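Below is one structure, written out as structure tokens; the observations come after it.
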Amino acid sequence: MPESVAATTALKILKDTFGYDSFRGPQQDIIDVLINGGDALVLMPTGGGKSLCYQIPALVRQGCGVVISPLIALMQNQVEALRLNGVRAEFLNSTLDARRVAEIEADLLAGEIDLLYIAPERLNQPRTLALLQDADIGLFAIDEAHCVSQWGHDFRPDYIQLNILHEVFPDVPRVALTATADARTQAEIVSKLELGDARQFIAGFDRPNIRYRIALKQTPKSQLLSFLQTEHENHAGIVYCLSRKKTEQTAEWLGQKGFKALPYHAGLDSDVRAKHQSRFLKEEGVIIVATIAFGMGIDKPDVRFVVHLDLPKTLEAYYQETGRAGRDGEPADAWMVYGLQDVAKLGQMMDKSEGSEEFKQLERLKLNAMLGFCEITTCRRHALLTYFDEDSPATCGNCDTCLNPPETWDGSLSVQKALSAVYRTGQRFGVNHLTDVLRGVENDRVIQFDHHQLGVFGIGKEIVSEEWKSVYRQLLARGFLRADADKFGAIVLEEKCRGLLRGEETIQLRRDIIDKSSKSTAKKLTKTPLPDDIDVTLWEALRETRRTLAEEQGVPPYVIFHDKTLQAMAEDMPSTLDAFSRLPGVGERKRDKYGETFLKIING
Ligand code: ADP
Ligand code: ZN
């Protein structure tokens with residue numbers, strides 16, 4: 001097919017089938033390469049629009065597009081969503097019975113399938129390979145391609161064997177796709193899948209619609225409640241906690257406050273887990289309170305917030321977990337509360353963890369990067385992208401430090417006092433005791449250890465306890481102090497504090513934003529996907545209609561229409577089918593299937 005014809009066909013499919021007007025970022029170029037028979041490696045952040053990169057070429061090219069995906073749970077949703085757009089899509093995995101498999105195989109051989117999703121372990125069976133050899137295959141898409149990498153976090157042995165595709169089908173174009181950033185994984189994908197000649201499309205990893213915010217942990221439950229009530233009423237979201245028990249307690253408590261919150265962790269029965277996950281996908285406004293066991297393969301597009309009640313151990317984990325918010329490109333929040341207890345707890349956990357010294361050192365470096373990220377006074381997004389080796393502007397305008405620049409103060413003298421208190425009390429005490437000593441509090445413990453006799457006793461009365469805790473937290477986070485696991489978490493000095501202790505160096509500290517004004521700042525930051533001038537009654541009626549249709553068809557509401565499409569309905573209020581079909585996300589099939597129903601709601 002001449003290139004210009006291919007490009008016009010691709011654009012027409014984008015509009016007619018998927019209901020979008022233009023390609024995003026590198027989509028067009030990737031699609032061109034594949035249509036013309038070339039291979040491609042695609043790195044795009046979550047929500048970037050990877051699926052269309054192989055779905056459209058599969059529709060343009062002769063033959064069936066085969067998609068290898070490790071996530072059996074998601075195949076069904078993807079296939080249903082494609083079918084609602086009029087695409088002939090099927091999946092082959094272990095959930096099907098023999099009769100259904102035989103039907104699909106026959107359809108494939110008859111050339112009646114546009115897109116076929118297959119799990120990797122199935123593809124590697126000789127029987128499947130023989131089937132594909134008999135069929136007309138237009139392209140192979142290897143989704144979640146980082147699973148081929150032993151370095152990464154989701155290694156799947158079956159992925160290694162996917163290089164067989166290259167040998168058995170030398171003329172069929174292949175595209176490998178992933179959202180995993182680092183260079184080592186990229187290199188492994190290229191070598192293991194023999195994609196040396198593939199065009200590489202490495203998009204940036206920024207998620208501009210996610211607003212990064214980290215608040216000081218004071219009363220975490222009520223901070224969470226106020227965040228949810230002021231900004232995310234009726235929204236779907238994920239709340240991450242460190243322990244199983246805490247996920248259950250938090251879910252129960254949110255339930256009492258009127259939220260639809262469900263726990264999720266590895267200790268729950270698998271059917272309870274499956275039920276909770278399915279409710280999260282299919283119902284609206286469900287909050288999952290989870291340990292990190294939850295998330296792999298959740299590609300629900302309308303997750304509006306990801307909360308961390310406990311600090312993740314690495315920035316990689318933070319980025320991956322927060323990345324589950326806002327895949328649909330609409331505004332979403334990554335919101336975390338963090339405090340002194342997190343710093344001390346994680347540090348100790350790391351000291352006690354099994355593993356070589358080398359491994360522990362690496363873990364510690366990663367934790368330090370995470371802590372540094374919490375304490376910075378400059379743009380969070382810039383720091384995050386810099387950590388992942390990506391250039392970005394110094395400010396983003398969509399994180400807490402950009403929106404409410406934190407104050408800093410010269411903490412040199414206070415730090416000297418804080419460090420002296422650690423030193424003079426023998427490096428055997430925790431922050432509370434040290435604070436009492438500095439503030440000159442004569443309690444039993446202070447007297448028991450004769451600390452009221454020390455020179456440091458009462459030298460820090462000018463600062464309140466909360467501020468001393470803030471000083472200690474920042475010193476711990478920045479590696480001047482350490483909570484020693486062998487001494488029950490006592491604070492000890494690190495070599496690098498020497499200059500500060502002697503008063504030879506100065507230090508700027510972050511002034512904590514004490515949460516007296518959580519409501520007012522929250523207001524300023526609020527941005528729900530619903531613009532102010534939309535008629536709320538109409539909006540609710542549209543959602544209700546979508547919900548009913550979704551239930552009838554047994555699919556999640558967003559598979560019918562995304563929020564963005566509903567929003568456009570409420571804003572533009574189309575009165576004809578023609579106008580309806582111009583809304584984003586409305587292709588021909590959905591116009592015919594749902595147009596009348598929604599027009600009736602819109603026009604009364
Ligand atoms: P990824 O797989 O990269 O995480 P998806 O393929 O699921 O992302 O796409 C994310 C969202 O963006 C989907 O809702 C999709 O419909 C939408 N999208 C993709 N490409 C376009 C486009 N060109 N115009 C408008 N929306 C798009
Ligand atoms: Zn910023």
Side-chain angles (χ1 to χ4, degrees), residues 10-11 13-15 17-31 42-56 67 69 71 74 77-78 81-82 84-85 87 115 117 141-146 175-180 201 203-214 297-303 320 323-330 332 334 373 376-386 392-406 525 529 556-568 582-587 590:
L11 196 62
I13 293 178
L14 179 71
K15 175 66 205 148
T17 304
F18 296 96
Y20 299 126
D21 285 328
S22 55
F23 286 111
R24 253 195 216 159
Q27 279 178 333
Q28 169 99 62
D29 291 339
I30 297 165
I31 289 170
V42 174
L43 275 95
M44 235 190 234
T46 308
K50 286 187 281 301
S51 324
L52 289 183
C53 296
Y54 56 83
Q55 288 169 348
I56 290 184
V67 185
S69 160
L71 309 167
L74 288 181
N77 271 347
Q78 278 160 350
L82 281 166
L84 283 182
N85 283 324
V87 176
L115 273 160
Y117 285 74
I142 301 159
D143 205 5
E144 312 287 348
H146 59 275
V175 54
L177 310 103
T178 175
T180 296
F201 295 91
F205 283 86
D206 186 20
R207 302 286 312 280
N209 60 318
I210 297 184
R211 178 170 291 182
Y212 298 100
R213 289 151 66 184
I214 301 177
I298 298 303
D299 77 351
K300 184 174 165 63
D302 54 352
V303 174
Q320 198 189 34
R324 294 180 180 129
R327 292 184 66 133
D328 54 9
E330 297 291 305
F373 177 71
I376 52 166
T377 49
T378 50
C379 175
R380 304 249 192 231
R381 186 180 316 273
H382 180 67
L384 205 51
L385 291 172
T386 304
S392 61
T395 55
C396 76
N398 194 28
C399 73
D400 54 357
T401 49
C402 282
L403 291 163
N404 282 324
L525 297 174
Y558 61 78
V559 170
I560 306 279
F561 284 126
H562 280 193
D563 279 355
K564 206 183 198 137
T565 307
L566 287 200
Q567 221 181 84
R582 281 196 293 273
L583 300 171
V586 181
K590 286 189 178 173

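Bear in mind the structure is a predicted one, so any value in this text is a computation, not a measurement. Counting starts at 1 for both ligands and their atoms, following the listed order. Heads up: numbering here begins at 1 and tracks the sequence.
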Tell me which protein heavy atom sits closest to [atom], plus the residue, atom name and distance to 0.1 Å.
atom: atom 11 (C) of ligand 1; result: R327 O, 3.8 Å
atom: atom 13 (C) of ligand 1; result: H562 CE1, 3.9 Å
atom: atom 20 (N) of ligand 1; result: Q27 NE2, 3.0 Å
atom: atom 15 (C) of ligand 1; result: Y20 OH, 3.8 Å
atom: atom 9 (O) of ligand 1; result: G49 CA, 3.5 Å

At a 4.0 Å threshold, what atoms of ligand 1 neighbour a non-hydrogen atom of [X]?
X: F23; answer: 23 (N)
X: S22; answer: 22 (C), 23 (N), 24 (N)
X: L52; answer: 19 (C), 20 (N), 21 (C)

Relative to atom 17 (C) of ligand 1, which among Q28, K564, R24 owns the nearest non-hydrogen atom?
R24

Have a look at S51, P584, G329, A203 and point out the one with the heavy atom closest to atom 5 (P) of ligand 1.
S51

If I compare all heavy atoms of [X] with all of [Y], which pair ends up nearest, and what's the gap?
X: R381; Y: N398; answer: NH2-O, 3.2 Å
X: C379; Y: A394; answer: CB-O, 3.1 Å
X: R380; Y: C399; answer: N-SG, 3.4 Å
X: A179; Y: F205; answer: O-CE2, 3.2 Å
X: C53; Y: L177; answer: CB-CD2, 4.4 Å
X: P45; Y: A203; answer: CD-CB, 4.3 Å

Which N, O or S atoms belonging to the protein are less than 2.8 Å from the Zn ion (ligand 2)?
C379 SG, C396 SG, C399 SG, C402 SG

Hey, is G47 one of the residues with a heavy atom under 4.0 angstrom from ligand 1?
yes

Could you check whether any heavy atom of P45 sits closer than 4.0 Å to an atom of ligand 1, since that is the contact criterion I want to use?
yes

Can any side-chain N or O of D206 pair as donor or acceptor with the backbone N or O of L385 at less than 3.5 Å?
no

Between D400 and I214, is there a donor-acceptor pair closer than 3.5 Å when you use the side chain of the first and the backbone of the second?
yes

side-chain contact (heavy atoms from CB on, under 4.5 Å) partners of [X], counting only residues at least two apart:
X: R24; answer: Q27
X: L11; answer: L14, F23
X: P406; answer: T377, T401, R510

Using a 4.5 Å cut-off on heavy atoms from C-beta on, say whether the side chain of Y558 contacts that of N77.
yes

